[in-house]
Engineer: 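Please read through the structure below; I'll follow up with questions.
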Amino acid sequence: MSASSAPQPVKLSLPLVYQQKLFEELRKEDELVILARGLGLMRLITNLLHSYDAAGNNLIVVVNADDRENAWIGEALAEHAAISMSPKARGLTVVNTDFTSVGTREKMYAQGGIFSITSRILVVDLLTNLLNPETITGMLVLHADRIVATSLEAFILRIYRQKNKVGFLKAFSDNPDPFTVGFSPLATMMRNMFLRKASLWPRFHVQVAQSLEGKKKAEVIELEVPMTDSMREIQTAIMECVEISIHELKKENTGLEMEDWNLDSALTRNFDRMVRRQLEPNWHRVSWKTKQIAGDLTVLRGMLQSILALDAVSFLQQLDTIHAAHKPAPGTTRQTESPWLFSDAAQTIFETARQRVYSSKQKAGPNSTIESLKPVLEEQPKWAVLADVLEEIDRDLYFEPAVRDDSNGTILIMCADTDTCRQLRDYLQTMHIRPRTAKKVEEVYDPEEDKPSGAFLMRRKLRNYLNWKREFAQVNATLFSENQKALSGAVDPRLPQARGRGGAPANKRRRVRGGGGGVGSNPSRHENGSIVQHFEKPNEVADLMSEIQITEDDAGGQAAEEIITFATADPLEDMDDYYQLYDMQDLVVIHAYEGDQDEHILEEVKPKYIIMYEPDASFIRRVEVYRSSHNDRNVRVYFLYYGGSVEEQRYLSSVRREKDAFTKLIRERASMSIVMTTDSHGVEDPESAFLRTINTRIAGGGKLAKATAQPPRVVVDVREFRSSLPSLLHGRSMVIVPCMLTVGDYILSPNICVERKSVSDLISSFKDGRLYAQCETMFQHYRNPMLLIEFDQNKSFTLEPFADLSGSLRSVNPENAGANDLQSKIVLLTLAFPKLRIIWSSSPYETAEIFERLKALEEEPDPVAAVRAGLGEGESPEDGVNEGKGAVNGGSTFNMEAQEMLGKVPGVTPKNIRSITAEAENVREVANMEVEELGRLVGREAAGKIVEFFKKDVLEDYSG
């Protein structure tokens with residue numbers, strides 16, 4: 001296919017009809033494309049970029065691309081240029097923090113091409129006119145679902161559209177969910193991106209369905225794997241604990257929206273984030289119990305995934321670590337364990353998990369005691385099914401004649417994560433190794449023994465687990481022996497004393513299932529009702545280890561696995577004995593799902609058989625696209641899932657949720673109104689911009705403001721572009737001048753300098769004393785220094801969360817009064833600087849309004865004077881601002897991350913940091929300097945602080 005609108009014919013790799021139609025749409029007009037995940041979004045973007053790259057006279061900017069996407073786009077453009085034989089194509093140039101020189105970037109922009117620029121660099125280059133927006137041919141925005149009104153990307157698009165009304169603008173997203181949250185979200189997000197058309201392409205789109213459901217469909221075989229009784233019992237118990245936690249949350253927080261707080265919603269990936277988002281505004285006021293339950297939900301939802309993904313031994317080890325992490329702090333009698341640990345369901349989880357690994361053999365009699373432990377080592381049900389599938393594939397390859405096609409015959413196994421990949425690799429390597437547990441007098445052929453089994457792998461894992469558990473028990477006993485002795489004699493007055501004499505209440509007693517479950521005669525619960533962490537007795541471990549000791553077969557299997565390790569130590573001349581190239585049809589490739597990167601895996605491996613070990617809706621679509629795009633490649637897909645499990649429910653809910661999101665978007669698009677303005681791009685006309693500069697507040701003897709066509713100007717430190725405030729100031733028709741400032745963050749006028757601090761930054765500035773130095777330099781150069789304390793708009797407008805209200809001895813001690821309290825530190829700051837103005841702002845929106853009021857009747861700031869403030873003699877303003885362009889880092893070659901890190905060191909101030917960076921090559925050289933060397937640069941007192949900081953022993957300081 002050739003693009004009719006391209007300057008010259010180019011070869012594109014868009015074989016499907018819906019891809020071609022979407023490409024033609026994008027070449028004709030600007031639009032927001034929302035494509036279902038897995039339908040080849042990156043392929044579409046790379047072909048679109050190539051059509052512009054082949055022309056050779058374009059300047060295209062790609063916004064919001066991550067490192068992997070940059071690598072993909074760069075590789076694809078180079079490949080397209082070679083296939084199309086386009087002499088003018090230049091490929092992708094990535095502009096990130098490695099390009100710190102203004103001159104380098106300016107030359108690259110002048111030459112044109114396709115650039116992927118990080119948002120922080122791009123916004124500064126646009127504001128300083130280093131990259132003239134009028135010269136940009138067009139912009140491509142990736143991950144459009146992340147763009148909100150206050151984001152840097154929205155700021156970039158606003159600057160671009162104000163100065164360039166003819167360049168194209170196209171946005172892409174493969175996540176429809178964020179476009180359905182809130183009031184008319186699609187229209188709002190399109191307004192943020194200055195777009196007027198949305199193009200929706202779900203899987204049920206007619207052209208997509210026709211392209212993927214034709215004659216070239218992939219053969220899909222669904223295999224529902226039943227869970228074992230133990231796995232189903234543990235899953236049910238975990239779900240019960242989740243339900244208990246949600247019920248406790250509802251009971252503790254009655255004033256919140258809790259319609260979605262149910263068991264079905266708890267299976268979604270972002271449920272704990274949704275709960276945390278609702279609790280966030282009043283996080284400092286919610287009870288300690290609520291905070292703990294919110295954290296428990298994350299743990300329990302992780303356990304739901306682990307019971308299906310991990311083997312029995314690894315899951316038991318994970319439970320041990322979770323139990324240890326939830327134990328009360330040493331030396332305290334306060335009950336701090338999670339509520340779910342007191343439930344019967346929790347005891348079921350721990351006991352059943354142990355029964356899957358080993359069982360106990362008891363003597364007959366009323367006073368039965370454990371005689372020994374026997375390994376059970378329950379295997380994952382999917383392992384046997386995977387082995388059967390591989391055996392079936394081998395039979396097909398042997399008995400059926402090979403079909404001539406372009407597939408490599410490779411078997412591709414796809415998993416959820418790399419841990420599962422390692423687990424399957426170990427299983428496939430050892431499934432035919434048979435450990436001998438007992439000596440037989442006569443060897444008899446048993447067909448059952450020829451079946452693949454994970455016995456060898458599970459025995460090795462159990463050996464490692466028992467060794468880990470023994471070391472864990474020793475560490476636990478060593479660390480907490482003294483604390484446990486103190487606790488055994490302590491009495492908590494809040495607990496009824498009757499429990500201590502009469503034992504645990506009836507409903508808190510141990511429930512015995514399956515003949516004891518390997519718990520032994522130890523009590524299963526503490527006196528307060530919480531579960532006791534189980535540690536095996538030494539004699540039990542000895543019996544169990546003797547059952548799974550390494551046999552000759554085990555040693556042979558290990559030696560076979562470790563042959564590569566020995567081979568790497570041999571000389572290179574013997575490498576032919578150990579290394580060889582395998583045919584692709586002999587390979588079994590195990591890979592984790594990686595989103596769009598999976599398309600590369602399919603194209604490079606060309607598998608004939610695909611085994612989806614865990615379900616993933618987007619990968620199914622990628623296989624459909626892959627099969628439909630290649631006539632000569634046959635694909636058979638085995639789709640494995642646990643029936644009646646959380647895994648199946650998550651898969652079905654994700655498909656249903658995406659379908660509902662697209663349905664809602666289609667309805668909103670049908671009824672969406674288009675705002676028509678005097679300018680089709682919604683930019684303010686010159687007359688309105690002129691009227692906004694006239695200040696009408698001249699009553700009460702105020703000075704008469706001049707009606708000029710120049711909008712107000714604010715000088716902003718380039719490091720402040722991490723926040724949304726510069727974007728909001730620009731939205732209020734202020735000119736933003738980015739500079740490298742030594743003093744202050746925002747210069748509103750020749751007299752007003754503002755140091756902006758978020759609450760977290762304020763706390764760290766008080767800790768290292770940086771704020772006092774900053775205030776001192778502001779007073780030296782400005783008449784009205786101000787400290788802006790800005791809160792998060794989604795959190796409460798109060799310092800209460802940061803006050804020390806614990807009631808501990810340290811906080812009550814008069815000697816430490818005010819040492820840790822943020823309010824007290826602010827009072828001490830005002831005592832040190834009585835003329836310092838403090839501005840309290842509830843959000844960046846409020847800050848922008850405050851700045852607008854402060855600038856009224858004030859002169860405009862001078863960027864050169866703002867940069868010169870705080871510079872020493874002989875230092876030129878070109879170190880912070882380029883006079884001609886106003887560009888950032890003009891002529892400066894220093895690494896800004898290293899400078900910021902060095903600026904946190906005690907004794908380093910904005911004044912002396914330039915002397916240090918001019919003398920020392922890196923931070924390590926500064927750390928190795930002596931007091932005499934540093935004293936010549938920063939003075940004796942500051943040098944002492946710097947040397948003391950770097951020479952400090954962290955361990956001694958912590959223990960002290």
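Only this structure's heavy atoms are used, side chains among them; waters, hydrogens and symmetry mates stay out. Since we're looking at a predicted model, the values are computed, not measured.
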Engineer: Could you check whether Ser618 and Arg622, counting side-chain N and O atoms only, form a donor-acceptor pair closer than 3.5 Å?
Structural biologist: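 The answer is yes; a qualifying pair exists.
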Engineer: Report the C-alpha separation of Cys421 and Cys415 in whole Å, then their side-chain angles, then the decisive distance to 0.1 Å, and conclude whether the side-chain contact (heavy atoms from CB on, under 4.5 Å) test is met.
Structural biologist: CA-CA 6 Å; Cys421 290; Cys415 309; 4.1 Å; yes
Engineer: Only one of Thr135, Thr93, Asp125 forms a side chain to side chain donor-acceptor pair (under 3.5 Å) with Tyr109, so which one is it?
Structural biologist: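 Of Thr135, Thr93, Asp125, side chain to side chain donor-acceptor pair (under 3.5 Å) with Tyr109 is met by Asp125 alone.
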Engineer: Ser116 and side chain to side chain donor-acceptor pair (under 3.5 Å): which partner among Asn96, Asn70, Asn64?
Structural biologist: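 The option that passes is Asn70.
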Engineer: With salt bridge (charged side-chain N to carboxylate O under 4.0 Å, His left out) as the criterion, how do Asp717 and Arg719 come out once you've worked through the C-alpha distance, each side chain's angles and the decisive distance to 0.1 Å?
Structural biologist: CA-CA 5 Å; Asp717 188 16; Arg719 287 157 292 200; 3.0 Å; yes
Engineer: Are any of the side-chain heavy atoms of Leu212 and Leu39 separated by less than 4.5 Å?
Structural biologist: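 Yes; the side chains approach each other to less than 4.5 Å.
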Engineer: Please determine which of Leu127, Val141, Ile147, Val123 meets the side chain to side chain contact (heavy atoms under 4.5 Å, CB included) test together with Ile156.
Structural biologist: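 Exactly one pass, corresponding to Val123.
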Engineer: Between Ile620 and Tyr651, is any pair of side-chain heavy atoms under 4.5 Å apart?
Structural biologist: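 Of all side-chain heavy-atom pairs linking Tyr651 with Ile620, at least one is under 4.5 Å.
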Engineer: Which heavy atom of Phe168 sits nearest to which heavy atom of Leu140, and what is that distance?
Structural biologist: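 Of all heavy-atom pairs spanning Phe168 and Leu140, the closest is CE1-CD1, 3.3 Å.
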Engineer: With a 4.5 Å heavy-atom cut-off, do Val148 and Ser151 have their side chains touching?
Structural biologist: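 Answer yes - side chains close enough.
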Engineer: Just wondering, do Ile136 and Leu126 contact through their side chains at under 4.5 Å, heavy atoms?
Structural biologist: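 Yes, at least one pair of side-chain atoms sits under 4.5 Å.
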Engineer: Hey, does Lys197 have a side-chain heavy atom less than 4.5 Å from the side chain of Leu195?
Structural biologist: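 Sidechains of Lys197 and Leu195: no contact.
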Engineer: Check whether any side-chain heavy atom of Pro178 sits under 4.5 Å from a side-chain heavy atom of Arg146, and report yes or no.
Structural biologist: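 No, their side chains stay 4.5 Å or more apart.
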Engineer: Leu14 and Arg43: side-chain contact (heavy atoms from CB on, under 4.5 Å), yes or no, with the steps?
Structural biologist: CA-CA 8 Å; Leu14 297 174; Arg43 177 189 288 262; 4.0 Å; yes
Engineer: On the 0 to 90° scale, with breaks at 30° and 60°, tag the His730-Phe155 ring pair as parallel, tilted or perpendicular.
Structural biologist: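 Taking Phe155 first and then His730, their aromatic rings sit tilted (interplane angle of 30° to 60°).
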Engineer: Could you go through the salt bridge (charged side-chain N to carboxylate O under 4.0 Å, His left out) check for Arg621 and Glu658 one step at a time?
Structural biologist: CA-CA 13 Å; Arg621 293 171 188 157; Glu658 185 188 76; 2.6 Å; yes
Engineer: Hydrogens and angles aside, do Gln597 and His591 bring a side-chain donor and acceptor to less than 3.5 Å of each other?
Structural biologist: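 No, because no side-chain N or O of Gln597 sits under 3.5 Å from a partner of the opposite role on His591.
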Engineer: I would like to know whether Glu624 and Arg203 meet side-chain contact (heavy atoms from CB on, under 4.5 Å); could you show each step before the answer?
Structural biologist: CA-CA 11 Å; Glu624 289 179 326; Arg203 173 61 178 84; 3.2 Å; yes
Engineer: For Tyr52, is the NZ or CZ atom of Arg27 found under 6.0 angstrom from the centre of its six-membered ring and inside 45 degrees of the ring axis?
Structural biologist: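 Cation-pi check for Arg27 and Tyr52: passes.
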Engineer: So, Glu153 and His143: side-chain donor and acceptor under 3.5 Å apart, yes or no?
Structural biologist: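 Checked: Glu153/His143 side chains show no N/O donor-acceptor pair below 3.5 Å.
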Engineer: Should the pair Asp30-Arg161 be classified as a salt bridge under the 4.0 Å nitrogen-to-oxygen rule?
Structural biologist: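 A salt bridge is present here (some side-chain N lies under 4.0 Å from a carboxylate O).
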Engineer: Looking at every heavy atom in both Ser723 and Tyr746, which two are closest together, and how far apart are they?
Structural biologist: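 In this case the closest contact between Ser723 and Tyr746 is OG-OH, 3.8 Å.
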Engineer: Are there more than 12 heavy atoms of other residues, nucleotides or ligands under 6.0 Å from atom CD of Glu29?
Structural biologist: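 Check passes, neighbour count above 12.
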Engineer: How far does CD1 of Ile73 sit from NE2 of His50, to the nearest 0.5 angstrom?
Structural biologist: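 Rounded to the nearest 0.5 Å, the CD1-NE2 separation comes to 14.0 Å.
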Engineer: Any chance the rings of His205 and Tyr18 have centres within less than 6.0 Å?
Structural biologist: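 No: the rings miss the under 6.0 Å criterion.
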Engineer: Please tell me if the side chains of Phe115 and Met108 come closer than 4.5 Å, counting only heavy atoms from C-beta onward.
Structural biologist: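 They are in side-chain contact.
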Engineer: Could you tell me whether the side chains of Ser173 and Asn175 share a donor-acceptor contact shorter than 3.5 Å?
Structural biologist: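 No, Asn175 and Ser173 have no side-chain donor paired with an acceptor closer than 3.5 Å.
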Engineer: So do the side chains of Gln207 and Leu16 get within less than 4.5 Å of each other, counting heavy atoms only?
Structural biologist: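 No, too far: nothing below the 4.5 Å cut-off.
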